[in-house]
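Note that the numbering runs from 1 along the sequence shown for the chain. Computed from a predicted structure; not experimentally measured. No hydrogens, no waters, no symmetry mates; every other heavy atom, side chains included, goes into these values.
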Amino acid sequence: MKKTGDDYFDSEEFRNTLNNYEESVKSGHPLYMDADDLADIADYYHFTGKDTEADEVIDYALSLYPNATLPNVFKAREALTIGDIDTAQECIEQIECKDDPEYHYMQAELLIAQDHVEEADTYLREYFKTISPEEYQDFVMDVANIYFDYGLNDKAYEWMMRTKGDDSNDFKELMARTLFGLGKYKDSERIFNELLDKNPYSKRYWNALANTQYMNDDFSGAITSSEYAIAIDPDDSEGVINKANALYRLGNYEEAIRYYDRYGEISTPDEFSLLHKGSCLVNLNRQEEALPVLQQAMEICLRNSQFLPQIYQELAFCYSSLQRLDEAIECINETRDIECDHIDMLVLKGHILLENGQNKRAEEVFKNAITRSCNDPVVIMRIIVSLYDNKYVKAAYEMFKKFFSLVVNEEYDQGYSYMALCCWDLGYDEEFLMYLRIAIERNPREARMVLGHLFPEDMAAKEYYHYMYQKLRK
């Protein structure tokens, strides 16, 4: 049985329980097992993506124990994930032991699932008053986990602060993941490093560390951490996709493709991996190869997927590069009825028209985008960048001049890297250095993304100005 990275699921005790169950299923003589053990097996199947098997275990458990707590909790949570409030309520009411904390947790989850978060919090705070002091820590952890699972990281953090905490791995891990959810990536990274000091063979911790490093733009660090996870388990799909994503962000597209393909071998290719593989191929100017990959991503992508607009966008870029303008525009038009940034799609439409020599049509679309956005500086900046990308460097430079003098204030932090790039291409060394300094002071992340190719690969953005100043003064 493959290691999961979960301490309990990887324990000998659970593996024996699982083996006994699976052997009984194979023999056609189901074993009479405890309700909690059956619920644990269902959780394991769900954790490993075997949802059909999970449902079979829970149905069997409920046939034996219709009023047992954990099987009904499993069924209720399953219903909540698809928004079936009525079924969830029925399952919760089936629970015989109304004093069980799990019953109360589910009542709170029912409220959270209906966006009644403050009512849920009031309910939990009232129930908290009935908990004995020796159970405080466990209760707080349980509640924090519930909020974390629903993406309510501020609430999870608030509950964790109700205790002094402890030195347990479980508490530290939840704190690290909550801080990650709050955008406190450095703090999260520090805690995961502490956890790895104690347990350097946890692929779960290595993958979590890779995610924090990725969000901190430490892509080389993310690659190293994901490699540790892969070394522990060569078939670890999370480690493989983490490495692929970091390679992608470093612009190492050839190597990234290898790992997106590897991810597809380990687990079924999904729209995310196919989208990014296609994007790699587009960036390598291998549009003919990218097209079927992106089309496959489109075929398997659900209409409500967050990645659907990006797939349409990459397909539009791909078709445009292949001089198939009508199909490129059709991809953009397809986004009208889905949830996405429609003004951003207008800018993309203008960009593609410009790329295909349809300057007058592009100008009309760009004007429409600016009007609809109420002169949003971000939209104007994207249009200027589009001019640069389409080799209208001098026009982009002139528009940036007006943009920085008329549209934005001294606090604005975007676009300066692109202006520096315009100056670099035009040979305006003094202005290049001026805008480079502003870029690395106000937005080092943008500076690294836009200007990184002008500098040594491992150089920090804060070192760019000194390096280039010395280079240009030679």
### Partners passing side-chain hydrogen bond (donor to acceptor under 3.5 Å, both in side chains) against Glu255 (at least two apart in sequence or in another chain)
Arg258
### Task
Just jot down the side-chain hydrogen bond (donor to acceptor under 3.5 Å, both in side chains) partners of Lys401, sequence neighbours excluded, or say none.
Glu431
### Query
Under 3.5 Å, side chain of Asn390 to main-chain N/O of Ser386, donor-acceptor pair present?
yes
### Query
Sequence neighbours excluded, which residues qualify as ring pair (Phe, Tyr, Trp, His ring centres under 6.0 Å) partners of Phe47?
Phe9
List the atom pairs, donor and acceptor, that lie under 3.5 Å between side-chain atoms in residues 451-468 and the rest of the protein, sequence neighbours left out.
from	atom 1	to	atom 2	distance (Å)
His453	ND1	Val450	O	3.3
Tyr465	OH	Arg437	NH2	3.1

#### Entry: ring pair (Phe, Tyr, Trp, His ring centres under 6.0 Å) involving Tyr312 - partner list, sequence neighbours excluded
none
### Message
Give me each pair satisfying salt bridge (charged side-chain N to carboxylate O under 4.0 Å, His left out) with a member in residues 209-221, each pair once, sequence neighbours excluded.
### Response
Asp217-Arg445
### Query
Strictly under 6.0 Å, is that where the ring centroids of Tyr418 and Tyr388 end up?
no
### Query
Can you name the ring pair (Phe, Tyr, Trp, His ring centres under 6.0 Å) partners of Phe403, sequence neighbours left out?
Tyr412
### Basic-acidic side-chain contact under 4.0 Å: Arg77, Asp43
no
### Query
Salt bridge between Glu173 and Arg177, side-chain N to carboxylate O under 4.0 Å?
yes
### For Arg162, all residues meeting side-chain hydrogen bond (donor to acceptor under 3.5 Å, both in side chains), sequence neighbours excluded
none
### Query
Hey, is Arg262 close enough to Asp235 for a salt bridge, meaning N to O under 4.0 Å?
yes
### Query
Would you call Arg204-Asp6 a salt bridge at under 4.0 Å N-O?
no
### Query
Is any side-chain N of the basic residue among Glu53 and Lys50 closer than 4.0 Å to the acidic one's carboxylate O?
no
### Summary
Here the ring pair (Phe, Tyr, Trp, His ring centres under 6.0 Å) pairs for residues 217-242, sequence neighbours left out, are Trp206-Tyr228, Tyr214-Phe219
### Message
Test of understanding: with ring pair (Phe, Tyr, Trp, His ring centres under 6.0 Å), list the residues that count as partners of Tyr416, not counting sequence neighbours.
### Response
Phe404
### Task
Measure the shortest side-chain to side-chain distance between Glu158 and Leu152 over non-hydrogen atoms and say whether it is less than 4.5 angstrom.
no
### Query
Which is it for Met381 and Phe400 under the side chain to side chain contact (heavy atoms under 4.5 Å, CB included) test, yes or no, and what are the steps along the way?
CA-CA 8 Å; Met381 190 197 75; Phe400 265 130; 3.9 Å; yes
### Query
Looking only at atom types and distance, does a side-chain atom of Thr178 sit under 3.5 Å from a main-chain N or O of Leu174, one as donor and one as acceptor?
yes
### Task
Report yes if the side chains of Val240 and Ser237 come closer than 4.5 Å at any heavy-atom pair, otherwise no.
no
Under 3.5 Å, which donor-acceptor pairs link side chains of residues 288-299 to any protein atom two or more places apart or in another chain?
from	atom 1	to	atom 2	distance (Å)
Glu289	OE1	Arg286	NH2	3.0
Glu289	OE2	Arg286	NE	2.9
Gln295	NE2	Tyr319	OH	3.2

### Query
Mind checking what makes side-chain hydrogen bond (donor to acceptor under 3.5 Å, both in side chains) contact with Lys243, not counting sequence neighbours?
Glu227, Tyr259
### Main-chain N/O of Tyr44 paired with Thr48 side-chain donor or acceptor, under 3.5 Å
yes
### Task
Salt-bridge test for Glu194 and Arg190: reply yes if a basic N is under 4.0 Å from a carboxylate O, no otherwise.
yes
